[in-house]
Amino acid sequence: MTLTEAPKQVTETAKPLRRISINPRESGIYVAFALIVVLFTILTGGVLLEPQNISNIIVQNSYILILAVGMMLIIIAGHIDLSVGSVVAVCGALCAVFTVEMGMPWLPALALTLVAGALIGAWQGYWIAYFGIPAFIVTLAGMLVFRAITLWVLGNQGIGPFPDDIRTLANGFTDGYLGNIGLGPLGGADLVSLLLGVAGVAAIFMIQWRQRKARLGYLQQVDPFPMFLLKVAAASLVVLAVIVQLARFKNIPWVLVLLTVLVVGYSVVANRSVFGRHIYAIGGNRQAAELSGVKVKPITFWIFVNMGVLAALAGIIFAGRLNQAGPTAGEAFELDAIAAAFIGGAAVQGGVGKVVGAITGGLIMAVINNGMSLLGQPSEIVMLVKGLVLLAAVAYDIWTKRRAG
């Protein structure tokens, strides 16, 4: 090879690879979700995808999805939190005391409740991060302690009703500022909701396009352009279909707006920030992360503070939806949140997972609950199916790891 031939060879070998890339660990969850939706749509005669039912699925499971976001970060870092259900209960009780018994305006009451959740998370994070007690033990103790505090705060009875603003946050819908437009056989739909759906589709395309462009810039493997368009079109179609159905019912629920903000914000933190990359590093290999200069203890502390804040927010939403704070609120919520994270692609050993995956896992559990309810199945059958789905998700994760190995 002569010197004049060398640049040509370097240029040819430096071309980015354009081939169809399918990660079974990431794509499997979305395929499973689609199959579950199709199955229950057929079994329920299409009732599952009716506008009112889609709205019910989102509103009735919003607090689990909020918990799943925080739980995913906890599990990525290699920890677990068994106390979130009890934290939901105690924070809902505190919010009821602030607003109902003390007559405090709803915004200061909400802020104080979130601060209380942060303090609870800081309490548990200290013992885990700085004292070295395993998260399983600390949060198991927290599950008992905060349930007891809930009973003490409420006096073993419910407190309500909540102010209209909190109930609107939990159960309300956005207003139709521009009225409805006709969609032919689908009837009328809120114009603002449809415009938000179009904006969401545009955002999905721009984000995916920028990611593809960045990968090309680093000469990384990307999908062929037709496959890229197909994937973006599939995601956009799902978003538009959901928005159209919601716009035909009562517009977009406020909790969906809140969830969208949380998903976008936490996805940016997890994927784009130094803090997020350090969380993955800790879960992947704690010792290597420490040797690389990652401040493991502060990061561990703050992810539990974050979990406390999200649990407090979920407690407010749950209490507002029921219009009452009760002593049994939040029971088994920790199990649903953990299941959502693992079904959504979190690895048992930590270091793997996405916020969007946690939401998808939570929606899978929600669709199973809703679909089985529409079919009139008893609770024991629902628990059986959910348990088998969780087992299958973890088994699939281990199987794909072994294949990769």
Side-chain angles (χ1 to χ4, degrees), residues 20-23 26-27 29-31 33-38 41 48-55 57-59 61-62 65 69 173-216 222-272 344 354-364 366-367:
I20 299 176
S21 60
I22 300 177
N23 188 332
E26 294 183 1
S27 60
I29 180 63
Y30 304 111
V31 174
F33 182 43
L35 292 177
I36 290 172
V37 170
V38 171
T41 300
L48 181 77
L49 297 182
E50 289 292 325
Q52 182 175 356
N53 194 62
I54 291 178
S55 180
I57 290 175
I58 295 172
V59 173
N61 296 276
S62 56
L65 298 178
V69 171
F173 299 83
T174 57
D175 295 326
Y177 300 103
L178 301 178
N180 287 8
I181 62 171
L183 294 178
L186 295 179
D190 176 56
L191 179 57
V192 172
S193 299
L194 296 178
L195 291 176
L196 290 176
V198 173
V201 169
I204 290 174
F205 178 81
M206 290 302 299
I207 291 172
Q208 294 299 319
W209 176 259
R210 290 185 63 182
Q211 290 180 354
R212 174 184 171 85
K213 188 175 180 180
R215 292 176 67 89
L216 286 172
V222 296
D223 290 324
F225 191 70
M227 178 58 63
F228 165 77
L229 289 180
L230 181 61
K231 288 183 177 181
V232 174
S236 301
L237 183 62
V238 171
V239 171
L240 277 180
V242 171
I243 294 298
V244 167
Q245 293 295 75
L246 293 176
R248 293 174 59 202
F249 180 54
K250 289 184 179 180
N251 304 336
I252 300 176
W254 279 112
V255 291
L256 179 58
V257 177
L258 175 62
L259 278 169
T260 302
V261 172
L262 291 177
V263 170
V264 173
Y266 278 91
S267 295
V268 171
V269 170
N271 301 324
R272 301 288 183 178
K354 290 185 177 181
V355 173
V356 175
I359 296 297
T360 306
L363 289 175
I364 286 177
V367 169

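Positions are given from 1, in the same order as the sequence printed here.
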| field | Spatial distance of atom CD1 (Ile58) from atom CD1 (Ile252) [nearest 0.5 Å] | value | 9.0 Å
| Per the side chain to side chain contact (heavy atoms under 4.5 Å, CB included) rule, which among Leu246, Val239, Leu240 passes with Val242? | Leu246
| Hey, is the main chain of Pro51 close enough, under 3.5 Å, to the side chain of Ser55 for a donor-acceptor pair? | no
| task | Please report the closest heavy-atom contact between Phe173 and Lys250, naming both atoms and the distance. | result | CB-O, 2.8 Å
| field | Spatial distance of atom OH (Tyr30) from atom CD1 (Ile364) [nearest 0.5 Å] | value | 9.5 Å
| message | Exactly one of Ile29, Val31, Val37, Leu35 should register a side chain to side chain contact (heavy atoms under 4.5 Å, CB included) with Phe33. Which one does? | response | Val37
| request: Over all heavy atoms of both residues, which pair between Ile243 and Ser193 is shortest? Give the atoms and the distance, please. | output: CG2-O, 3.1 Å
| query | Do the ring planes of Phe205 and Phe228 sit parallel (below 30°), tilted (30 to 60°) or perpendicular (above 60°)? | reply | tilted
| Atom CG of Leu256 and atom CG of Leu196: how far apart are they, to the nearest 0.5 Å? | 10.0 Å
| task | Keeping the roles fixed (side chain from Asn53, backbone from Leu48), state whether a donor-acceptor pair exists under 3.5 Å. | result | yes
| query | Which value, rounded to the nearest 0.5 Å, describes the distance between Gln211 atom CD and Met206 atom CE? | reply | 11.5 Å
| query | Would a distance-only check, ignoring hydrogens and angles, find a side-chain to backbone donor-acceptor pair under 3.5 Å from Gln245 to Glu50? | reply | no
| query | Does Asn251 reach the main-chain N or O of Thr174 with its side chain, forming a donor-acceptor pair under 3.5 Å? | reply | yes
| note | Here the pair of heavy atoms bringing Ala189 nearest to Leu194 is CB-CD1, 4.1 Å
| query | What are the two closest heavy atoms between Leu65 and Leu363, and how far apart are they? | reply | CD2-N, 3.9 Å
| query | If every non-hydrogen atom of Ser267 is compared with every non-hydrogen atom of Val356, which pair is closest and at what distance? | reply | OG-CG2, 4.0 Å
